[in-house]
2 protein chains.
Amino acid sequence: MDQRQALAAFGALSQETRLHIIRMLVVSGPDGMAAGSIAERAEVSPSNVSFHLKELERSGLITQQRESRSIIYTANYEALGGLIRFLMEDCCGGNAEICAPAAAVAACCAPATKEELQ
Amino acid sequence: MDQRQALAAFGALSQETRLHIIRMLVVSGPDGMAAGSIAERAEVSPSNVSFHLKELERSGLITQQRESRSIIYTANYEALGGLIRFLMEDCCGGNAEICAPAAAVAACCAPATKEELQ
DNA sequence: TCAACGATTCAAGGATTATTGAAATATGGA
DNA sequence: TCCATATTTCAATAATCCTTGAATCGTTGA
């Protein structure tokens, strides 16, 4: 993830509806969610959700794929991980005081595999 | 860090000049930087840097303190760490696939202390 | 082919954010 | 007190973003 992508991703996450959408999509995993379901659960109009989904896709945080009549949106785990990494390394310079507590949090809920730790 | 603060922080980081400022302030550490020095190194006008510094302060990512004629701005390490934590836990639900690689990065450059790992 | 469904696009309007330069404020020293 | 320095505030303009509802597009099944 380069700076250009990070700026777009930060902008995407700075809006309440979009942050809500990202959360839902992370929870729903690889199956993703149809635009209509997202609109319903986020309680926004179809055209409004479409606007925000486009913004999120532009930032690379989600991807779409058509499935019959529906369009299924899925969180891009790699991009989200890349953004966290950008925030830690590129933005905060790997500063221990900033990153160590965050790393501790991650270590608690999801220990990294050997491969990932190399 | 609650959602309201996180939204403001993401918005603050979504602008090139402000991201640049945060980077500089993280590097300069507890000593911080005077508004004038920031403006000079970021190559923006004093009034423009003042606008962005106010925005960053409003988001909680930096703090200010007057030192004689200068106003010194300092990165708020706690807030930055809190934002990373928010991104991992609240936004990404502690998802292993997303958080583990990021945790690995942090583990490389700045191992957490025993206390932080508890 | 036609109607219904799921979703996007478009245009208009309002709201927020960014930039600029001039004026104002606060501080310290002569 | 007066001037210079460091910075902010203000007003005006430009640019971007958000919301809304109507129109459009692609897909499916009758």
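Values reported hereafter were calculated over all heavy atoms of this structure, with side chains retained and with hydrogens, waters and symmetry mates removed. Chain identifiers are assigned alphabetically (A, B, ...) following the order of the sequence lines, protein sequences preceding nucleic acid strands; residue numbering begins at 1 within each chain.
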On the nucleotide [N], are OP1 or OP2 found under 4.0 Å from the side-chain N or O atoms that [X] carries?
{"X": "B:Y73", "N": "D:dT8", "value": "yes"}
{"X": "B:S70", "N": "D:dT7", "value": "yes"}
{"X": "A:R69", "N": "D:dG29", "value": "no"}

For the residue pair B:Q64 / B:Y73, report whether a side-chain donor-acceptor contact shorter than 3.5 Å exists.
yes

Test salt bridge (Lys or Arg N to Asp or Glu O under 4.0 Å) applied to A:R66 - qualifying residues, sequence neighbours left out
none

If the condition is salt bridge (Lys or Arg N to Asp or Glu O under 4.0 Å), which residues does A:R58 pass it with, not counting sequence neighbours?
A:E55

For [X] against [Y], the heavy-atom pair lying closest together:
{"X": "B:L56", "Y": "B:A12", "answer": "CD2-CB, 3.8 Å"}
{"X": "B:I72", "Y": "B:D31", "answer": "CG2-O, 3.4 Å"}
{"X": "B:R41", "Y": "B:H20", "answer": "O-CE1, 3.8 Å"}

Taking side chain as C-beta onward, heavy atoms only, is A:I98 less than 4.5 Å from A:M88?
no

A:L13 vs A:L61 side-chain heavy atoms within contact, under 4.5 Å:
yes

Boundaries of the DNA chain C segment in contact with chain B, non-hydrogen, under 4.0 Å
C:dA18 to C:dG28

Counting neighbours of CD on A:Q3 that are heavy atoms of other residues, nucleotides or ligands and sit closer than 6.0 Å, is the number greater than 12?
yes

For the helix from C:dG14-D:dC17 to C:dA30-D:dT1, what angle separates the axis at the start from the axis at the finish, each from five pairs, in steps of 10°?
20°

Contact list for DNA chain D against residues 43-68 of chain B - heavy-atom distance below 4.0 Å:
B:P46, B:S47, B:S50, B:K54

Can you sort out which residues in residues 19-38 of chain A have a heavy atom within less than 4.0 Å of DNA chain D? Ascending by number, please.
none

Quick one: does A:R18's side chain have a donor or acceptor within less than 3.5 Å of a partner on A:L53's backbone?
no

Tell me whether A:E89 contacts the main-chain N or O of A:F86 through its side chain, where contact means a donor paired with an acceptor under 3.5 Å.
no

Rounded to the nearest 0.5 angstrom, the NE2-CD1 distance for B:H52 and B:I38 is 12.0 Å

Here the gap from B:C92 atom SG to A:L80 atom CG, rounded to the nearest 0.5 Å, amounts to 4.5 Å

